[in-house]
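Note that the structure is a prediction, hence the values are computed from the model and not measured. Computed over heavy atoms, backbone and side chain alike; hydrogens, waters and symmetry mates excluded. Every chain is numbered from 1, with letters handed out A, B, ... down the list of sequences.
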Amino acid sequence: MRYSKTFIPTSKEVPREATIKSHILMLRAGMIKKLSSGVYSLLPIGLKVVRKVEDIIREEMDSINSIEFSLPVLIPAELWKTSGRWYAMGPELFRLKDRNKQDFVLSPTHEEVFTDLMKDHIKSYRDLPITVYQIGLKFRDEIRPRFGVMRGKMFIMKDAYSFHQEDDWASLQKTYDDMSKAYKRIFYRCGLETIPVEADSGAMGGNKSEEFMVPSHVGEEQIVKCDSCGYVANIEKAYSPYREFKYESCGEKELVPTPDVKTIEDLSAFLKKPYEYLIKTMVYKTDGGEFVLALIRGDLNINETKLKNYLSAAEIMPAEESEIKEKLGLPPGFMSPIGVEGVKVVADESVRDIKCGVCGGNKKDYHYINVDVERDIKNIEDFIDIRMVSEGDLCPKCGSKLRIFHGIELGHIFQLGDKYTRAFSVTYLDESGKERFPIMGCYGIGVERTVAAIIEQNNDDDGIIWPITVAPYHIYLLPIKYSGKTREVSDRIYNELLSSGIDVLLDDRDLRPGVKFKDADLIGIPFRVTIGDKGLEDGIVEFYERKTRSKSKIKVDEIVTYVKKRVEDEFKKYEV
RNA sequence: CGGGCUGUAGCGCAGUAGGUUAGCGCACUAGUCUGGGGGACUAGGGGUCGCCAGUUCAAGUCUGGCCAGCCCGACCA
């Protein structure tokens with residue numbers, strides 16, 4: 001491609017809207033342009049990179065016998081009512097009506113459509129297992145779009161779905177493992193080191209799931225990892241045994257005045273008690289409008305995901321102070337389950353053994369002291385794990401200290417079970433002629449997010465440094481001055497490289513060399529060949545590697561062969 | 001939705017004790033000199049100062065409302 005014949009609007013200025021490296025560089029390199037919050041246009045080189053990532057995904061999906069489709073994004077609401085997600089999903093689901101007032105959704109994911117599609121096909125156990133996928137647009141009305149293409153309202157996703165015979169979890173596990181391996185290959189080929197992480201299944205339902213994370217300080221996920229035994233989990237899912245504490249027993253519980261002492265810090269200071277004696281009472285509200293008191297030891301924090309799962313709620317949120325006062329008649333800041341009736345109470349395991357503890361007095365400016373949980377708090381329904389793991393907690397497998405770091409979630413694979421096949425009455429006949437429901441798995445990859453993660457991990461002060469597998473071009477041909485002999489030689493090299501299948505960008509613009517050098521580095525093409533009159537006098541051109549910034553002089557006659565070799569060798573580094 | 005911040009030329013910004021032609025850098029047009037890491041000079045073009053209402057002789061500047069965007073939290077590929 002000739003630079004003058006394409007569209008790469010680079011920019012020297014850092015756009016004000018962007019704060020992270022990948023977002024800034026995508027804008028500066030002219031890959032994307034914002035249309036509105038969370039909605040971006042892909043410009044030519046952005047599109048080229050996305051296509052290259054998609055091609056890698058496609059190859060790997062095909063290699064595990066996943067079959068490609070392309071499904072609509074405009075979906076009649078009927079399908080979503082059938083699965084129940086029309087009601088369960090909340091405002092992140094884009095809903096619209098056609099002129100006949102029929103409800104539609106812009107699909108945020110395609111379980112419904114694929115399940116509906118497969119319903120007509122899967123009739124016999126002989127039709128199973130089958131795995132299908134597509135690479136297409138998804139729409140989610142995100143609460144807060146962020147970091148450019150990293151979290152948009154509209155994005156490209158590879159989503160795959162597998163169907164297996166009822167109870168044939170081994171078959172599902174096989175596909176799940178194949179996907180997991182394919183994902184590792186995909187990300188490796190994109191030049192990314194990913195970590196598979198145990199994950200919460202969230203709104204998708206199902207039981208087993210794994211996320212593919214790329215460690216990054218801009219990642220929105222927190223990953224818990226044990227460096228000695230290799231245990232890794234999303235913090236939402238991570239478990240750690242709580243630190244034991246020895247409690248001495250003491251007398252009867254007693255109501256004491258604690259004026260204006262609301263927080264755990266203040267309470268600990270006021271009563272001169274370590275956090276381990278304090279019982280935190282949190283009030284949550286479920287999407288069903290139910291209130292729940294959740295108890296945890298003062299030095300620990302509640303993991304809302306775990307609590308939500310325990311309650312089998314689609315959504316939970318901390319109750320508002322006003323709701324606590326009006327609906328429950330409790331004083332915020334001074335609450336406890338003591339004497340409370342008609343509200344569900346659950347406690348973290350860490351609360352069970354507390355003796356001589358402190359909890360709210362259910363009266364403004366009062367707390368109970370000398371609380372013995374077993375003796376004094378009878379209305380706890382269950383002691384469960386609802387703790388948030390924190391840095392330095394102990395590994396559940398080997399007891400070493402856990403580390404927490406941030407990561408970007410690029411892919412997520414789930415074992416779904418029969419939620420959707422039952423909802424859509426997808427049935428087949430087994431060998432004995434009995435009607436059965438297939439079980440499913442689903443498997444996603446965020447495509448633009450993968451591109452952003454690649455940039456996030458491969459850049460320097462001057463710009464992007466693409467792995468050759470996804471680079472918009474392999475070679476940047478840079479004539480110092482595009483005229484005369486230099487132009488002749490540049491054109492010749494350009495044509496020869498093109499005809500040997502190399503993706504080459506010829507900077508044929510009439511600009512000062514400095515500008516071209518800066519643009520070349522910014523766009524981040526892995527290799528560059530600089531052609532100038534000076535070199536040509538000695539019959540040489542300069543070969544430059546973006547990553548190492550190393551330069552070498554190559555004879556003009558040999559440059560095409562040399563480039564082909566370097567490109568080939570570079571590709572080999574990303575082979576699996 | 002809660003908390004913080006910002007809207008002035010394509011981009012990045014200045015200008016606000018209210019005052020007459022609204023400025024700078026980059027980019028853009030014409031020309032000259034240049035030409036191996038965002039060059040110099042000369043001459044230009046481009047703005048309903050986010051929108052609406054109000055206060056005032058006078059509003060980019062003050063007041064109110066609205067809209068949009070960014071950052072921190074709940075959501076997720």
Side-chain angles (χ1 to χ4, degrees), chain A residues 9-20 23 27-28 30 33-39 57 89-93 108-110 135-160 183 199-204 209 211-214 219-221 234 236 284 304-305 308 314-318 320 408-414 442-453 462-463 478-484 486 510-522 528 530-536 541-542 544 549 551:
Chain A
T10 57
S11 141
K12 197 158 55 167
E13 306 278 359
V14 176
R16 198 171 44 151
E17 71 188 68
T19 53
I20 66 165
H23 189 194
L27 289 165
R28 285 195 54 213
K33 172 129 171 81
K34 186 174 74 185
L35 181 60
S36 79
S37 177
V39 181
I57 293 174
M89 252 192 66
E92 68 270 28
L93 182 63
T109 165
H110 281 78
I135 299 175
L137 282 177
K138 299 286 177 271
F139 294 81
R140 295 181 191 175
D141 193 356
E142 291 288 342
I143 295 166
R144 179 148 93 85
R146 216 187 311 213
F147 302 150
V149 100
M150 198 80 94
R151 171 181 299 284
K153 287 183 176 167
M154 206 182 127
F155 59 98
I156 301 169
M157 179 159 105
K158 184 286 299 180
D159 49 323
Y183 276 31
D200 182 66
S201 302
M204 306 297 293
S209 91
E211 290 165 331
F212 287 76
M213 301 279 199
V214 150
E220 299 182 75
E221 302 295 323
N234 190 307
E236 293 178 342
Y284 286 93
E304 295 184 7
T305 305
K308 183 178 81 181
E315 204 74 60
I316 62 167
M317 62 210 86
E320 306 276 335
I408 303 166
E409 181 188 347
L410 298 184
H412 200 161
I413 61 180
F414 300 85
C442 80
Y443 320 89
I445 292 180
V447 176
E448 295 108 318
R449 185 180 283 184
T450 299
V451 171
D462 287 307
L478 195 154
I480 292 298
K481 186 174 163 74
Y482 190 60
S483 67
T486 299
D510 182 22
L511 291 173
R512 312 196 90 248
V515 178
K516 298 187 185 183
F517 284 124
K518 288 291 181 190
D519 275 346
D521 282 347
L522 175 59
R528 187 183 81 203
T530 308
I531 304 129
D533 290 343
K534 286 182 197 166
L536 288 183
V541 293
E542 181 195 270
Y544 167 92
R549 293 180 173 284
K551 296 174 183 171

So which one's nearest nucleotide on RNA chain B is more toward 5', A:Lys34 or A:Ile316? A:Lys34
May I ask you to say what A:Glu220 touches in the nucleic acid, namely base, sugar-phosphate or nothing, with a heavy-atom cut-off under 4.0 Å? base
For the pair made of NE2 in A:His110 and P in B:C76, what is the distance, rounded to whole Å? 18 Å
Is A:Phe155 stacked against the base of B:A77, taking the criterion as centroid distance under 5.5 angstrom and interplanar angle under 30°? yes
Taking B:G69 as the reference, what is the distance to B:C11 when you measure between their P atoms (whole Å, please)? 15 Å
B:G36 phosphate, OP1 or OP2: any side-chain N/O from A:Thr530 under 4.0 angstrom? no
To the nearest 0.5 Å, atom CD1 of A:Ile531 lies from atom CZ of A:Arg528 at 10.5 Å
Given RNA chain B, 5'-ward residue of the pair A:Glu448 and A:Leu522, judged by closest heavy atom: A:Leu522
So if I take every side-chain heavy atom of A:Arg449 and compare against B:G38, B:G35, B:A77, which nucleotide ends up nearest? B:A77
Can you name the atoms? Protein N/O to nucleotides 1-11 of chain B N/O, anything below 3.5 Å, with the distance.
residue, atom, partner, partner atom, Å
B:U6, O2', A:Arg16, NH1, 2.7

Atom CD1 of A:Ile408 and atom P of B:A77: how far apart are they, to the nearest Å? 15 Å
Between B:C41 and B:C26, how far is it from one P atom to the other, in whole Å? 9 Å
Per the salt bridge (charged side-chain N to carboxylate O under 4.0 Å, His left out) rule, which among A:Lys12, A:Arg28, A:Arg549 passes with A:Asp462? A:Arg549
Ignoring backbone atoms, test whether A:Thr450 places a side-chain nitrogen or oxygen under 4.0 Å from the OP1 or OP2 oxygen of B:A77. no
Once you round it to whole Å, what is the distance between P of B:C71 and CE of A:Met150? 11 Å
Atom-pair distance (CZ on A:Arg146; C1' on B:C72), nearest Å: 8 Å
When all nucleic acid strands are considered with a 4.0 Å heavy-atom cut-off, which category describes A:Asp519: base, sugar-phosphate, or nothing? base
Rounded to the Å, how far apart are A:Phe212 CZ and B:A77 P? 14 Å
Donor-acceptor contact below 3.5 Å, side chain A:Arg449 vs main chain A:Met150: yes
In whole angstrom, give me the gap between the P atoms of B:U8 and B:G15. 14 Å
Heavy atoms under 4.0 Å, any strand shown: does A:Met157 hit a base, just sugar-phosphate, or nothing? sugar-phosphate
For A:Lys138, all residues meeting salt bridge (Lys or Arg N to Asp or Glu O under 4.0 Å), sequence neighbours excluded: A:Asp159
Atom-pair distance (CG on A:Leu27; C1' on B:C26), nearest Å: 17 Å
Rounded to the nearest 0.5 Å, what separates atom CD in A:Glu211 from atom OH in A:Tyr183? 12.0 Å
Got a donor-acceptor contact below 3.5 angstrom from the A:Lys518 side chain to the A:Pro513 backbone? no
Regarding A:Arg151 and A:Glu142, does a basic nitrogen lie under 4.0 Å from an acidic carboxylate oxygen? yes
Using the C1' atom as the reference point in each nucleotide, state the distance between B:U29 and B:A17 in Å, no decimals. 41 Å
Taking the C1' atom of each, how far is B:C67 from B:G50, in whole Å? 7 Å
Anything below 3.5 Å on both distances counts as a pair; with that, list the stems of at least three consecutive Watson-Crick or G-U pairs involving RNA chain B. B:1-7 with B:67-73, B:10-13 with B:23-26, B:28-33 with B:39-44, B:50-54 with B:62-66
